[in-house]
Q: 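Can you keep this structure in mind? I'll have questions shortly.
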Amino acid sequence: MSMYGRDPWGGPLEINTADSATDDDRSRNLQDLDRAALSSRPLDETQQSWLLGPSGEQKKKKYVDLGCIIVSRKIFVWTVGTLLVSAFLAGFITLIVKTVPRHHHARPPPDNYTLALRKSLMFFNAQRSGKLPKHNNVSWRGNSCLKDGNDPSTTFKDLAGGFYDAGDAIKFNFPASFAMTMLSWSVIEYSAKYEAAGELSHVKEIIKWGSDYFLKTFNHSADSIDRLVAQVGVGSTAGGSTTPNDHYCWMRPEDIDYQRPVSECHSCSDLAAEMAAALAASSIVFKDNKAYSQKLVHGAKTLFRFSREQRGRYSAGGSTDAATFYNSTSYWDEFIWGGAWMYYATGNSSYLQLATTPGLAKHAGAFWGGPDYGVLSWDNKLAGAQVLLSRLRLFLSPGYPYEEILRTFHNQTSIIMCSYLPVFTTFNRTKGGLIQLNHGRPQPLQYVVNAAFLATLYSDYLDAADTPGWYCGPNFYSTDVLREFAKTQIDYILGKNPRKMSYVVGFGNHYPKHVHHRGASIPKNKIKYNCKGGWKWRDTPKANPNTIDGAMVAGPDKHDGFRDVRSNYNYTEPTLAGNAGLVAALVALSGEKSVGIDKNTIFSAVPPMFPTPPPPPAPWKP
């Protein structure tokens, strides 16, 4: 059967539909057409390709059949060739990169604050008591005073550990707990900066060493206690006493063989509240270690309850070592400071209610000023507590019933920051520029570093709250002014002063060589010097045989003068509390300013300030 269709180019086109016709038959039929007839009309190129098609030989030469597609042979060859050459070059370059020595771009050198930070933390390693860890990294120190607590008058038998306070071997819990609180505060705010400096694990080890010792000094597993250890060792030489003790003798701690009495207290609100603050702050540092953190929180709760129930100053009486060396003027500031830390560690609003009680603030001197107003120290924590609670207002704004007193604390913090600035005359300055926060009395640096920390921290608070500055009366000051104040003070301590003297041992080229410190001044030469035998090392004009890296000495006098003399502790003795403030100030100033504070970690345990709103009502249905 045949059908005739219309050829679009003219002429009939026969399509054979016989069932027996195959594809090859049809192809052959097309090729057998009268090509001469077709040539009577000019055909364009497309028409010719359709009807005539390329010859088999041309197909073979110009195209490659890949199964799914047919591609030009030229393109195929170029593509494969390019891939092979690229693979060869890539392998060759990789081989060169692997075999040629690499030249890494060196990181920019650490700033002075970071370098000094690494040094200043080492001071705490040198002050460790008890059985030392293997990685203590102070070659001239060893295990010491392992029998602390071996005193028939105390119920606390294992008191090995902790830190020696200064150049002696006494362990005072009052300044030591303040030092640990300050270190923990600095870690909570600036953990990223510690990490950048490579010192985060180091500072946390130091805090844990102190916290573990505090847990030994009271019954930390109980809910209520009636006593705690205030001190181990004795330093009084009143009345010309020649009884061997930690001040009469000049011995390496490793060689001590005299009795070390333990002092307990039964009404010591200031000490107990400060120790509670230390453990509460430490619990936030170790919040990822839940079991240990909860242990610290429980101990802090026990201590704070004791501080509230058994009122009294730990140094009351006037004849004790505590009154002589670390006299506490009141316990009201510790109630606010401790209450604030307890709130941050637990989220229990009863602590916040206590810390914001106007009566406590009044007793602590928050409303009347005074010559030492705004000066943070191991004795008076009010300025620190005000900054700590201003933080709560800046970032969480809890509102009623806390707003009024928090606003007062915030305003007072602003006034304190104004008092640090050179344009105000609240505090004098030496000709070299050191602020006289203790009004010309000896040992000024411990107060200066605390102020530098608070100023830098508060400026970072304002920056984190997108606040460019604050008012001192009618005048507005940028946060940069606070940071500049802190830098000038720390730079003075690091050597930018009239004597070109670095007051941090081991930092720079010119620093004190006759530090008032027993362990640093006596050589480790396998000779045991007894109580009086070490006096020759105390009195020698020669430099200390051991360098106590990172120790910040007491500092210059009000005329920028300094005597590098071992016997004068008002110039050359370092302390735990002083070095803790130094570490805090250094880490706050170190690295990039843009890193700033950790806004949220301190609030980890704090519940939402306002109740969760009820869910919206269900959609209305008619």
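In this chain, numbering begins with 1 at the start of the sequence shown.
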Q: Is a donor from one side chain sitting under 3.5 angstrom from an acceptor on the other, for Asp463 and Tyr458?
A: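 On atom types as modelled, these side chains do not qualify, holding no pair under 3.5 Å.
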
Q: Considering the options Tyr344, Trp185, Phe409, which one meets the ring-ring contact (aromatic ring centres under 6.0 Å, His included) requirement together with Trp337?
A: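 Of the listed residues Tyr344, Trp185, Phe409, the ring-ring contact (aromatic ring centres under 6.0 Å, His included) partner of Trp337 is Trp185.
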
Q: Anything under 30° is parallel, anything over 60° is perpendicular, the rest tilted; go ahead and classify Phe304 against Tyr351.
A: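 Plane angle over 60°, so perpendicular.
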
Q: Is there a side-chain contact between Asp212 and Tyr292 (heavy atoms, below 4.5 Å)?
A: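 Asp212 vs Tyr292: side chains touch.
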
Q: In this structure, is the centre-to-centre distance between the rings of Tyr326 and Trp378 below 6.0 Å?
A: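 Under 6.0 Å, so yes.
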
Q: Please answer whether the main-chain N or O of Lys599 pairs with a side-chain N or O of Arg391 as donor and acceptor at a distance below 3.5 Å.
A: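 Present.
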
Q: Is a side-chain donor or acceptor of Trp470 paired with a backbone partner of Ser414 at a separation under 3.5 angstrom?
A: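 Yes; judged by distance alone, with no hydrogens or angles, the pair exists.
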
Q: Compute whether any side-chain donor of one residue and acceptor of the other, for Glu274 and Thr181, lie under 3.5 angstrom apart.
A: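 The criterion, which ignores hydrogens and geometry beyond distance, is satisfied for Thr181 and Glu274.
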
Q: Would you check if Val387 and Tyr461 make a side-chain contact, meaning some heavy-atom pair closer than 4.5 Å?
A: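 They are in side-chain contact.
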
Q: Can you confirm whether the side chains of Arg566 and Asn544 place a donor and an acceptor under 3.5 Å from each other?
A: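 Per modelled atom types, Arg566 and Asn544 side chains form a pair under 3.5 Å.
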
Q: Can you find a side-chain donor-acceptor pair between Asn497 and Tyr503 that sits under 3.5 Å?
A: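 Asn497 vs Tyr503: no donor-acceptor pair found between side chains.
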
Q: If we ignore hydrogens and angles and just use 3.5 Å, is the side chain of Gln489 paired with the main-chain N or O of Gly433 as donor and acceptor?
A: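 Yes; judged by distance alone, with no hydrogens or angles, the pair exists.
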
Q: If you measure only the distance, is there a donor-acceptor pair under 3.5 Å linking the side chains of His410 and Glu403?
A: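 Result is no, nothing qualifies.
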
Q: Looking only at the side chains, is there a donor atom on one of Ser390 and Thr413 sitting less than 3.5 Å from an acceptor on the other?
A: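 Yes.
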
Q: With salt bridge (charged side-chain N to carboxylate O under 4.0 Å, His left out) as the test, pick out the partner of Lys593 among Asp111, Asp480, Asp460.
A: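 Of all the options given, the one that passes is Asp480.
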
Q: Answer yes or no for Lys513 and Tyr511: cation-pi contact, defined as NZ/CZ to six-membered ring centre under 6.0 Å and angle to ring axis within 45°.
A: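 Because its charged atom sits under 6.0 Å from the ring centre and within 45° of the axis, Lys513 does stack over Tyr511.
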
Q: Give a yes or no on whether the ring-centroid distance for Tyr213 and Phe163 is below 6.0 angstrom.
A: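 So the answer is no for these two rings.
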
Q: Can you tell which of Leu396, Leu352, Leu389 makes a side chain to side chain contact (heavy atoms under 4.5 Å, CB included) with Tyr402?
A: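 Running side chain to side chain contact (heavy atoms under 4.5 Å, CB included) over Leu396, Leu352, Leu389 with Tyr402 returns exactly one hit, Leu352.
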
Q: Walk me through it: do Ser201 and Tyr194 pass the test side-chain hydrogen bond (donor to acceptor under 3.5 Å, both in side chains)?
A: CA-CA 8 Å; Ser201 61; Tyr194 275 114; over 6 Å; no

